[in-house]
Amino acid sequence: MPKKKPANQRTVFICHGTGCVSGKAFEIREALEKEVAGLGLEGVGVDFTGCHGFCQQGPIAVVEPEGIFYTHVTVEDVPEIAQSHLRDGKPVARLFYHDPVSGEAIPLYKDIPFYNRQKRIILRNCGRINPERIGDYIATGGYESLRKVLGEMTPEQVIDEVKRSGLRGRGGAGFSTGQKWEFCAKAPGDQKYMICNSDEGDPGAFMDRSTMEGDPHTIIEGMTIGAYAIGASEGYIYIRAEYPLAVKRVRLALKQVEEKGFLGENILGSGFNFRIHVKEGAGAFVCGEETALMASIEGKRGMPRPRPPFPAQSGLWGKPSNINNVKSLATVPVVIAKGADWYAQIGTEKSKGTAVFALTGKIANSGLVEVPMGYPLQEIIYGIGGGIPGGKRFKAVQTGGPSGGCLPASLLNQPVDYETLAQAGSIMGSGGMVVMDEDTCMVDVARYFLSFTQDESCGKCVPCRLGTKQMLDILNDITHGRGKLEDIDLLLKLSEQIKAGSLCGLGQTAPNPVLTTIRYFRDEYEEHIKKHHCRAAVCEGLVSAPCSHTCPAGIDVPRYVRFIGEGKPAEAVAVIREKIPFPSVCGLVCFHPCESKCRRAQLEEAIAIRMLKGYAAKHDTGLWKENLKKAPPATGKRVAVIGAGPAGLTAGYYLARLGHSVTVFEALPEPGGMMRVGIPDYRLPKDILKSEIKEIEDAGVEIRVNTRVDSVDGLFKEGYNAVFLATGAHQGMKIGVKGESGSGVMDCAEFLREVSLGKKVEVGDKVAVIGGGNAAIDAARTSLRLGAKEVSIVYRRTQAEMPANPEEVEEAIAEGASIDYLVAPSRIVNRNGRVDLETIRMELGEMDSSGRRRPEPIEGSEFTTGYDTIIAAIGQRPEVPERFNISVGRGNVIEVDPDTLATSREGVYAGGDAASGPASVIEAIAAGRQAAISIDKYLGGEGEIDETLAPPEGDLAPLEEAEEQWRPKMPTVPPEQRLGNFAQVELGYDDKAAIEEAKRCLRCDLEERE
Amino acid sequence: MDTIKLTIDSQEVEAQAGMTVLEAAQSAGIYIPTLCADQDLKPYGGCRLCIVEIENMRGLPIACTTPATDGMVVKTNTPTVNEVRRANVELILADHPSECLICDRRERCGPLDICLRNVAVTERCVTCPKNGHCELQTVVDYLGITEIPFRRTLRSYAVDDSNPFFFRDLNKCILCAKCVRVCDEVVGAGAIAIINRGYASKVATFADKPILDSSNCVSCGECVAHCPVGALMPKEDKLPTEEVATTCTYCGVGCGMYLGVRDGQVIGVRGSRENTVNNGFLCVKGRFGFDFINHPDRLEHPLIKKNGKFVEAGWDEALELVASRLGKYRPEELAVVSSAKCTNEENYVAQKFARAVLGTGNVDHCARLCHAPTVAGLVQSFGSGAMTNSINEFRDSRCILAIGTNTTEAHPIISQEIKRAVDNGGKLIVANPREIDMVRWAYLWLQHKPGSDVALLMGMMKVIVDEGLADQAFIDERCENFDDFKKSLKDFGLDFVEKTTGVPKDKIVEAARIYAAEKPSAIFYAMGITQHSHGTDNVIATANLAMLTGNVGKPGSGVNPLRGQNNVQGACDMGALPNVYPGYQAVADADVKKKFEAAWGGQMPGKPGLTITEIVDAAGSKKIKAIYIIGENPMLSEPNITHAKEALEELEFLVVQDIFLSETAELADVILPGVSFAEKDGTFTNTERRVQRVRKAIEPVGDSRPDWQITCQLGKKMGNGGFDFGNPSQIMDEVALLTPSYGGISYKRLEKCGLQWPCPTPEHPGTPILHTQQFTRGKGRFIPLEYKPSKELPDKDYPLVLTTGRSLYHFHTGTMTRKVKGLNVLKGEGTVEINPQDASKLGIANDEMVKVSSRRGKVTARAKVTEVSPVGVVFMTFHFAESPANLLTNPALDPVAKIPEYKVCAVRVEKA
């Protein structure tokens, strides 16, 4: 017996799970031991534990008893921890856990939301005890269950207890553990085997590994109890050889257990004998399948065999055998210790107890999460996982490993249990949970997972070996733009046949990712097939440069950026002009979806594509005109365009270039549509817009302002051959509260329009803007410029959900606007020329179908604030005159064929906000282009509107190694100089900044591909 | 077995309990499509085509693994089932060159038709040699598939044509894994496996090398025979127009086979499934070793040596010459060497010719050189010198002691039965100085020194007696002379045995315990036991061991000498031995003499004649002046060939009857061209005493004649009748008349699967197991033994032990197999196997030419440095005239059986 030391007053536990070990946890512990000794600290112990399951924050150190939780500890941090915390009692705050959402520092283990929402049964000891000391396990009550079972219970009683607990196989299939044991116990045979399946093969899943590394004894105890129940005298723990630490700790634990007499001959004097062997697997995914696993233990190729006979009758070496997953076995001692009734009250009716998930992917907190069965998915993702990082939108979550299904946002409020997941087309599997955001292509995801299962198929049965290959080929074709619409049906048919015909679980579940992505994201498949478009811009076969791919108008971004980098802005404009007639406008106001997918963002920050466009446009020399094709002879066809906004003018421009006679009818006194009356001057000066419209008129487009058109028939009567409806969405939407129609309440669209057209608008000192979109921000900033002293934006959700462009929001705040999040108007009372806005506080509830959490009012939290003006900026909708005689859909938008923009009437097309609902300038331009193509074809043309306007690129210098470099800051007018005028805020890049910025481009379009 | 009733496709079906649904359906004649199920193999469940619907069962269970149960209701042909089946087959077709499957001109694709591609098709579809015999086609037709809805994914693996007998074209492989499974489950070679995963899965050898480079492949062709498609095809891909059932001409196993005949030539061989000996399986020689039949070197005309040169002659002239020359000598100056290759009928007439016409008792054959000690020893112990049990019993043996037998090389099909026993949980004990292939399956390997078998076996018996593991009841009731024998055990203490054999004591003890406790226990042995100067003692030791534990007369037990030649058993049975008439009736027995004199007419020799080794010696000393050799090649098979050649050259007249100009035939004065087994009728008796039919498949080559005819013609010319046989069936009738153990045998009764003697009466069913009630001699006799070292042990000059044996790819002196091109590709020359330690001491590298010399001669051959050979021991095969091992071997004889000591002599090895 070693001499007993007085108990330490304080112990630092360094995590020694695989993740932290690879982060140098061994070295940290060594350094800390040295440091503690060097400082002569009395009563301070240094110890280690297994994995905490929060490897993302590793290496982790926990100081007990106070429970300080240090993250990302390095060897360099050790002296500070020792001196400041251990010696001086001042914990090192910079190493505390910082909440990814709030940024708040949380010093204590127990306060971290990632942990305190979990219920840990399987992982109860992980990160809590030293896994290499059996005494630690015994001190937590370990091996008491075994003692109880051997001393007080018959095998039948053990089986009954486990059956009553409702424990189901945590390997994924969810079969009752007690029943499984019963089958094996009842099978005739003198030799039986108890096998622990630790062949954790799902990419990203590491709960079994963590359990083996962090608490090996619970598995041994569970196995021994199981062996007693079924009458096995020998057992195997099948661990993949890629888990060397787990193998080491399990082997060590086995040695300790045998020394203690909990394993071997005559265990605890009961007469029961049981021995456990460790078998290392070679890392075949299929060996997680029980019959394949047994073949592998027997030294054969890991291939499943058909059942019957079931392993319970004829398993390992033909003897009755029972296989349980690590997590099932780790649960058993708890079930025995606390009783079946205790366990059965956790979870749902049919799925009892807890489940462990390996939460990973696009999630703030990735790691192991153990929650009761039936816990809502969104609670796991948002409550524990901290949501999606980087302000991105949730798209899907995949449960159950590579053969699980991808569930969309609309299912986030579902509980996680065997039945619900099965209903949704997914599986519990071994507990993988991969979160995906908007940058994930669902077709690509299906392809990826299928390529995994195809690679791991053992090759034995035809459906799995060849069926998944066929599906993979189809998916590869789709992601390369070679797919056909029938392929979707073929995938569905194959999936059903593979599920029905495959020998083992691998094949039977392999189609799940495909089935669920088709079920929930069929539109993405169709987009890939019909439009060769990947909205996440990831499919290599379709996407050359993600920026161009994402641009609704398809501008060849990398090419013009390169011209800018070479100091050739005029050439750059020519490239831009190949796709749009509004380079300057877009350079100033485009919401630049291109930047959201810029690969450079993975390094540090996206290229400032919009600003570069603006720079180029400013330095246009008209070079593009030199390459313009000569206008073709007039076709004699007449096209009427209704609405001189970006869609109408774009369509008019291209149609005129094709030789058609185009007349644009505009109801307002000036052309430009929302560019003119929706976007304030300080963002888009009138003269810039005017000069771009002038180019359009120069191309032959006639614009008739102050001309409202109410009837399409009239136009045809007048001799027009085709009509393009581009009337926009100018009608403001109602808030839907009492009192909003009274004075002092303005509609945002109307407000901005009037201001733009130079009408005098009074807003008073105190303004509330209701809404969270770009229009709301424009209204706020305009109000400030009109003299308002105090402008509040009232938004019912949080910043994360706010649709407005963050740059704009930032500017608004800089100019003095404030934003009240999670507040919604409930009533407006007009009082003596002022308006009282009664609002109610909101909290985020369940997900809605858009994947945003639905705001719900907090009862009794109403409060009232007085304002001079309330501007309702909650959305706009198109106005479609009845006499257009055209079908409109939800939101009053004109119904069109999404591919051609044809309306329900022959010869009539519609696009822009009128057909899409409120959208962006660039989307309207894209619609204008499509309308021009369709109308030209309708009029007998080829629909060929693209021209090469820029000169060819010269030899390209090789790209220099990309170093971390942020975009240059856009020079702006200082906020204090902005009020009281509508002068342009952005001043634009100078040559140096622009060239420097352009050179950051990674030139994805030049990347060599397969 | 219980009978159960189930309903399949609305049809009431009776089946045996334990059958799968597939077997039940098949037994009722209901077709369920499958591509991976095979009656020879364990269920696999890979093709997923035999799915069915079963009432009260979830999903679509597969028929090949689902047990049939009483009252089950099965539907094999529903739309749901066929839809999944169709998808599976379509998937296979998408990945398979499938023109032959869905070509709309398929039915017209026959001889001399023109196919789609405007290529003249004389045999078959040009894209696949399996067209018309392809199981995939059958399934496609069943499902009525005419087009493939999937993307075609053709592979482009290079065709592996490395093996001389078959192609491996993995592009046509459907991964049913039958090849892998048969290689593993049946053959036990494990030469191929499925490698990679997913779509990249394929059948490959270790490290994916060509099959020829796989050290495990034994070229048996079972993979080819089981391939359902065209992935594995014999290089000879013509199809026979006729098949003739017969018995293999190679080893003593006696496999049933069909010779495929086309245009008067044998072009292929197929194993006979109905035959219980081999259940359809064959080894490389049986399946592919038939080229010799139509080899250009076949002797087509009688040859007479004139002025030292052979000149073609007519039959009359040749037979006249032979008759007149042989007629000149006195009986004691004459000898007949008969052949274990020839049929029973031919051996019968040969010994009858010797005894009744030439009046000499000097008749023998090569059994002398292999199993004479078996006959001598087992007759003393049991009263009968034949294998006690039958091949297909051993799968149920609990223990098999294989001593002195390299079964996988010499008796491949029996080795499969041993493997079955091991698979069924039986324990195999291999006793062999060399690390032979079977050691892989052995529970225990006793690596004893060459020549120490008596010590090893007596040591085991001492342990059994000392530990009280002997079957005393059996000994008391069935045996005699136990006490004498028991006394002789005292010399075999474990220390002595360990020192003598080199086997650690504890292994000897373990072997003894297993052999005694795990019943039934069977002993197998072959030349490793017999070819010693104390070979008879060795045999007796095995008999003692079996009796000691009561392992005689019971299924799966016994003493089982494995006979080497196809008809060595029969040649002995037929009395081609100097001391016995047919059926082991002693020459020295006056009553027997009388019986044969009465039957054959005339005076029969009254005492045993000379053995083959004695005949050769007597030729050397000019006591024997003329010999009639039928199908034997002593010039390669005799020990100390130099001496044998000198002796034969002393002869005044030598007649050799053979199918090739063998080394011995070169010395002949007259050569008579006999025929191969494919050209004649007759019977062979295999190692388990099973008399089986040999049937004529083709006409004799050239002017050659069946050997029985030639001998009979000589007999007619020289004798006074008794050789007037119209066909071999009539000869067998005479055999039955004179040979009690063959008394009930006639061709009519042999049609199905032969009969095992003793079969004394026409009603007798034959005898699968000998000595069941009592031993042939009454009581089993324990015979005390003492250890006798081999006659020539290593010394300073000749420091290594040479032991000899057989290669899988060749047979006997290579007269046939050396004529088969492919077999020579697989093994083209003799090698000297030597342990790396010895090799490095001698500075010998692998593949280097070495000179091996003994006191009798020198041989040059290529060294194969391998740990299969133990330190101090080198090994050579005896098939190769270029490196004749028997130039070296020691002619020291066993005093009883007169067998030379082939297995042990002292040699020196040096760089050539």
Side-chain angles (χ1 to χ4, degrees), chain A residues 283-287 291 300-309 313 317-318 450-474 476-477 482-484 486-487 489-491 493-504 506-508 510, chain B residues 20 35-36 42-51 57-67 69 80-81 83-96 148-153 155 173-177 180 184 190 193-203 423-425:
Chain A
F285 180 67
V286 75
C287 284
T291 58
K300 298 176 186 151
R301 175 179 165 92
M303 290 222 247
R305 58 159 180 74
R307 290 166 295 190
Q313 303 148 348
W317 286 303
L450 209 67
S451 77
F452 179 87
T453 39
Q454 158 60 215
D455 275 353
E456 292 292 346
S457 163
C458 79
K460 182 171 179 174
C461 77
V462 171
C464 181
R465 180 182 75 244
L466 297 175
T468 56
K469 172 66 167 52
Q470 238 353 293
M471 288 179 70
L472 183 60
D473 285 351
I474 294 170
N476 266 324
D477 278 356
R482 300 187 295 259
K484 292 171 290 198
E486 309 87 85
D487 284 341
D489 289 333
L490 194 56
L491 283 173
K493 187 177 155 220
L494 268 166
S495 295
E496 289 313 322
Q497 284 157 342
I498 293 167
K499 282 172 89 97
S502 288
L503 196 164
C504 84
L506 198 160
Q508 286 159 10
Chain B
T20 62
L35 288 169
C36 72
K42 290 183 204 142
Y44 185 66
C47 74
R48 317 304 293 172
L49 292 180
C50 68
I51 49 169
M57 277 181 90
R58 252 188 332 141
L60 302 173
I62 50 173
C64 68
T65 57
T66 308
T69 55
T80 317
V81 153
E83 194 184 328
V84 177
R85 281 179 185 157
R86 186 171 292 119
N88 285 348
V89 175
E90 285 165 354
L91 284 169
I92 294 173
L93 296 187
D95 189 45
H96 190 91
I148 304 165
F150 300 122
R151 287 157 167 77
R152 298 299 305 277
T153 50
R155 299 167 191 268
C173 176
I174 56 168
L175 252 98
C176 65
V180 173
D184 172 38
I194 294 175
I195 63 161
N196 303 341
R197 295 207 168 257
Y199 184 68
S201 301
K202 66 169 183 168
V203 176
D423 284 349
N424 289 341

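So you know, we letter chains A, B, ... as the sequences are listed, proteins then strands, and number each from 1.
Using a 4.5 Å heavy-atom threshold, the side chains of B:Phe150 and A:Leu466 count as separate.
Heavy atoms closer than 4.5 Å to chain B are found in both the backbone and the side chain of A:Leu503. A:Lys460 touches chain B through backbone and side chain together, each having a heavy atom under 4.5 Å away. When heavy atoms are compared at a cutoff of 4.5 Å, B:Leu35 does not approach chain A at all. For A:Asp473, the parts sitting under 4.5 Å from any heavy atom of chain B are the backbone and the side chain alike. Looking at A:Ile498, there are no atoms closer than 4.5 Å to chain B (heavy atoms on both sides), in backbone or side chain. In this structure, the portion of B:Thr153 lying under 4.5 Å from any heavy atom of chain A is its side chain and not its backbone. Residue contact with chain A, scored on non-hydrogen atoms closer than 4.5 Å, involves the backbone of B:Asn196 exclusively.
Between chain A and the options B:Ile51, B:Val89, B:Ile195, heavy-atom pairs under 4.5 Å are most frequent for B:Ile195. Between chain B and the options A:Gln497, A:Met303, A:Arg307, the largest number of non-hydrogen pairs under 4.5 Å is found for A:Gln497. Ranked by non-hydrogen atom pairs under 4.5 Å with chain B, the options A:Thr468, A:Ile474, A:Thr453 are led by A:Ile474. Taking A:Pro309, A:Cys461, A:Gly459, A:Pro308 one by one and counting their heavy-atom pairs under 4.5 Å with chain B, the maximum is reached by A:Cys461.
In plain terms, the two heavy atoms of B:Ser201 and A:Cys458 that are nearest each other are OG-O, 3.6 Å. In plain terms, the two heavy atoms of B:Arg48 and A:Gly501 that are nearest each other are NE-O, 2.7 Å. When all heavy atoms of A:Arg301 and B:Ile194 are compared, the pair lying nearest together is NH1-O, 2.8 Å. When every heavy atom of A:Gln470 is checked against every heavy atom of B:Leu91, the shortest pair comes out as CG-CD2, 3.4 Å.
Between A:Ser502 atom OG and B:Asn88 atom CG the span is 8.0 Å, to the nearest 0.5 Å.
Under the rule for a ring pair (Phe, Tyr, Trp, His ring centres under 6.0 Å), B:Tyr44 has no partner lying at least two apart in sequence or in another chain. Under the rule for a ring pair (Phe, Tyr, Trp, His ring centres under 6.0 Å), B:Tyr199 has no partner lying at least two apart in sequence or in another chain.
Note on B:Arg151 versus A:Asp477: salt bridge recorded, some NZ/NE/NH1/NH2 to OD/OE distance being below 4.0 Å.
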*Step by step, work out the side chain to side chain contact (heavy atoms under 4.5 Å, CB included) result for B:Arg197 and A:Val286.*
CA-CA 10 Å; B:Arg197 295 207 168 257; A:Val286 75; 3.2 Å; yes
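Atom CD of A:Gln508 has more than 12 heavy atoms from other residues, nucleotides or ligands within 6.0 Å.
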